[in-house]
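All remarks here apply to the structure that follows.
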There are 2 protein chains.
Amino acid sequence: MATIRDVAKLANVSTATVSRVINSNGYVNDETKKRVKDAIQQLNYLPNDVARSLFKGRSKMIALFVPDITNPFFPELARAVEDVTNQYDYTFVLCNTDNDIEKQMDYLNALQQKSVDGFIIVSSTIKKEHLQHIQVPIVALDRIISSDISSVTVNNRSGSRQVVQYLKSIGCQRIAHVAGPEHVDNAIYRMRGYLDEVKEEAWFNSSYVVSGKYNFDAAREAAMALLSELPEVDGIFAGNDLMGAGVLNAAASLGKNVPGDLAVAGFDGIAIGETLTPTLTTMAQPIYEIGAKAAEILMTHIQSLEHHVTAKEYSVKLIERQSTMKGGF
Amino acid sequence: MATIRDVAKLANVSTATVSRVINSNGYVNDETKKRVKDAIQQLNYLPNDVARSLFKGRSKMIALFVPDITNPFFPELARAVEDVTNQYDYTFVLCNTDNDIEKQMDYLNALQQKSVDGFIIVSSTIKKEHLQHIQVPIVALDRIISSDISSVTVNNRSGSRQVVQYLKSIGCQRIAHVAGPEHVDNAIYRMRGYLDEVKEEAWFNSSYVVSGKYNFDAAREAAMALLSELPEVDGIFAGNDLMGAGVLNAAASLGKNVPGDLAVAGFDGIAIGETLTPTLTTMAQPIYEIGAKAAEILMTHIQSLEHHVTAKEYSVKLIERQSTMKGGF
DNA sequence: GTGAAAGCGCTAACAC
DNA sequence: GTGTTAGCGCTTTCAC
């Protein structure tokens, strides 16, 4: 690989001049500029980013922490972040954390040693204290970390209320909830939204809420038990789509017709909802948008070196599909 | 951030000694080693990886190119690669290429400027010529680039033959194929495997093969047309699971019972196959394993600086599910 | 308008 | 065993 010195030599100038040319910085005579550009071309010269990073103390890299990229909610988020990252000529580092605090701390350190310029973090275990030693901007995504860290989220609670209202509106009389993990804030908001709408109902009691841990299998099991125990349930709001799929599968196994006997709605709006049979009604997040927004905010923080906290909350939107279309399916 | 000089000063030694301690390199008196370690602790010192990279010309980063992480085949692959990467104390860079050759070239250049130590590439557009200027090891994954580049793949052709044989064995008389894109080598192998098994059949003609482009919607449309035109089809081998899901959906729309009227099998073994109704029979790749293997091979190449080409082919395995279980479902 | 030189933080000869 | 020193390739004052 050619270096700046090779270029300088070939163009008969100093390295400073070459640097000025490649960075369009300071005055350079048009004549010499051309000589330098020719030399660059001829040598196929590309500046060494590592040397630049060392000098500048910044690397033009940002990192995204997700619990697990194989969870179908995250790829779209990652895609959005990568697209924006790339658009700003930054490099995108992906870290699967499994929500393990130690793993996250290791990543934070390792990446700081690499002068990573910022972090976008989806985590339900990282707290403000864990980030005290981080010198670069951070944006929390999907889940809030603390009020002094910028965040991008959705209206989980009111969105969930809307789902339940919708289920009522199509005629459901007994609506159960398959909830996400208790230690994940958005799962709690979704459950609260559900409770807001049902806690005053005469029929309601706590056995209408079961735990599905945000995954397919657990939700399937939970729904099997729930539907056996409370056969009068005619509507289920699953805290995410993956659990919604589990509920559909459980219903099929029990010979329950969806949506005839049972209406099912999920939350998130991930792509697989459309591939299921019946297709799954869901309260959709603008997943790509929130990912892209988080990246944009991070870029703003990085470039201004200013830390004005912004907390953006997007609205979710109901997408009606076969799993609740009592008339049409 | 403290530097090696701060540590040296505090411990009353030279930077060379500190370097020896942090790299467990060369002889250092136990006494002074302790002093250095204390100083490191006290200052919370972490070596600057950028400076190291500049000196060494290597960055301890590797990059994975995938067409699009939102395609459900890739997250598991990415997860595997990241796990291995992390285990070797490397940093993982993810690039969505959309199979766009220009984007891929840009990434290659940008990452070379960052001294990335190696690439794992899933691409149907990159050819050997595009990689001529790359100085670091490359491993091709899922799709072969050229015979002198290490690769990890599966037996697409014989695996596909097995799927068709299996469909015959459960009684299918007219088996159609929804094929992937013509410019993707593994899609071609899968189609050939299918043809190997049916081209001598009296009933066979080319209208039994339709194109589904490896995606849900195209496959759904193709299957709708196919099933309308050739109602005698009682078995479909879809070139991947995403298209298998499309076929299932099409069948449901047409009121065809799966597996009663029509058996459906896919290829890949991605997780959503289990969430469908009926669940989808598939010829499963060991996705995580092949991703991990590719990463291991890359690490070997990186560490030995030797370029012994290895081409590993894994075997796929049939997973029988409801979409073909004529008896049980 | 251009060049000389210092320095980003580290490692590895090479001395002693 | 430990220190001195010369870079890795770049950017940026500060001269001229």
Side-chain angles (χ1 to χ4, degrees), chain A residues 1-37 39-40 43-61 89 109-117 135-136, chain B residues 1-37 39-40 43-61 89 109-117 135-136:
Chain A
M1 292 262 283
T3 75
I4 198 171
R5 247 186 301 266
D6 301 328
V7 176
K9 212 161 287 172
L10 183 58
N12 250 304
V13 295
S14 73
T15 60
T17 300
V18 178
S19 176
R20 287 186 188 105
V21 172
I22 52 187
N23 297 298
S24 327
N25 224 344
Y27 289 93
V28 182
N29 184 305
D30 282 358
E31 177 68 26
T32 51
K33 188 182 291 179
K34 184 179 178 332
R35 273 212 324 279
V36 170
K37 287 193 165 169
I40 287 175
L43 295 172
N44 243 303
Y45 168 73
L46 289 177
N48 181 325
D49 261 342
V50 179
R52 279 184 169 169
S53 294
L54 178 57
F55 183 87
K56 301 232 181 193
R58 324 152 109 272
S59 64
K60 294 205 128 202
M61 300 196 297
D89 277 315
N109 285 329
L111 293 170
Q112 263 213 319
Q113 291 182 254
K114 288 196 163 353
S115 297
V116 160
D117 295 343
Q135 316 281 352
V136 296
Chain B
M1 293 262 282
T3 75
I4 198 171
R5 250 186 298 265
D6 300 328
V7 176
K9 212 161 287 170
L10 184 59
N12 250 303
V13 295
S14 73
T15 59
T17 299
V18 177
S19 177
R20 285 184 190 107
V21 172
I22 52 187
N23 296 298
S24 325
N25 225 344
Y27 289 94
V28 182
N29 184 304
D30 281 358
E31 177 67 28
T32 50
K33 188 182 291 180
K34 186 179 178 328
R35 274 213 322 280
V36 171
K37 286 192 165 168
I40 288 175
L43 294 172
N44 243 303
Y45 168 74
L46 289 176
N48 181 323
D49 261 343
V50 179
R52 279 184 169 168
S53 296
L54 178 57
F55 182 86
K56 300 231 184 194
R58 326 149 110 275
S59 65
K60 293 204 129 203
M61 300 197 296
D89 277 315
N109 285 330
L111 293 171
Q112 264 214 318
Q113 291 182 255
K114 288 199 161 356
S115 298
V116 161
D117 295 342
Q135 316 281 353
V136 295

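None of these values were measured; they are calculated from a predicted model. Residue numbers start from 1 in every chain, and the chains themselves are labelled A, B, ... in the order their sequence lines are given, proteins ahead of strands.
- The shortest heavy-atom contact between B:Y45 and B:T3 is CE1-C, 3.5 Å.
- Taking five base pairs at each end of the helix from C:dG1-D:dC16 to C:dC16-D:dG1 and finding the rotation axis that steps the C1' atoms of four pairs onto the next four gives two axes whose angle is 40°, to the nearest 10°.
- Of the possible donor and acceptor atoms, one in the side chain of A:K114 sits under 3.5 Å from a partner among the backbone N and O of B:S59.
- Between the side chain of A:T15 and the main chain of A:I4, no donor-acceptor pair closer than 3.5 Å is present.
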Under a 4.0 Å heavy-atom criterion, the protein footprint on nucleotides 7-16 of chain D, written with B, S and -, is BBBSBBB---
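- With respect to A:S19, the side chain to side chain contact (heavy atoms under 4.5 Å, CB included) criterion is satisfied by exactly one of A:T17, A:N23, A:V21: A:N23.
- Of all nucleotides in DNA chain C, those with any atom nearer than 4.0 Å to a heavy atom of chain A start and finish, going 5' to 3', at C:dG1 to C:dG9.
- Every residue meeting the salt bridge (charged side-chain N to carboxylate O under 4.0 Å, His left out) condition with A:K34, not counting sequence neighbours, appears here in chain and number order: A:D38.
- Residues that satisfy the salt bridge (charged side-chain N to carboxylate O under 4.0 Å, His left out) test with B:R52, not counting sequence neighbours, are B:D49.
- In terms of heavy-atom proximity, B:K60 sits nearest to B:D117 at N-OD2, 2.7 Å.
- Residue contacts for B:N12: at a heavy-atom cut-off of 4.0 Å it reaches the sugar-phosphate backbone alone, with no base atom in range.
- OP1 or OP2 of D:dT2 lies within a sub-4.0 Å distance of a side-chain N or O belonging to B:T32.
- Atom CG of residue A:L54 and atom OG of residue B:S53 lie 9.5 Å apart, to the nearest 0.5 angstrom.
- Counting only residues at least two apart or on different chains, no salt bridge (charged side-chain N to carboxylate O under 4.0 Å, His left out) pair has a member in residues 6-31 of chain B.
- Taking both residues in full, the closest heavy atoms of B:R35 and B:N12 are given as NH2-O, 3.7 Å, listed atom of the first, atom of the second, then distance.
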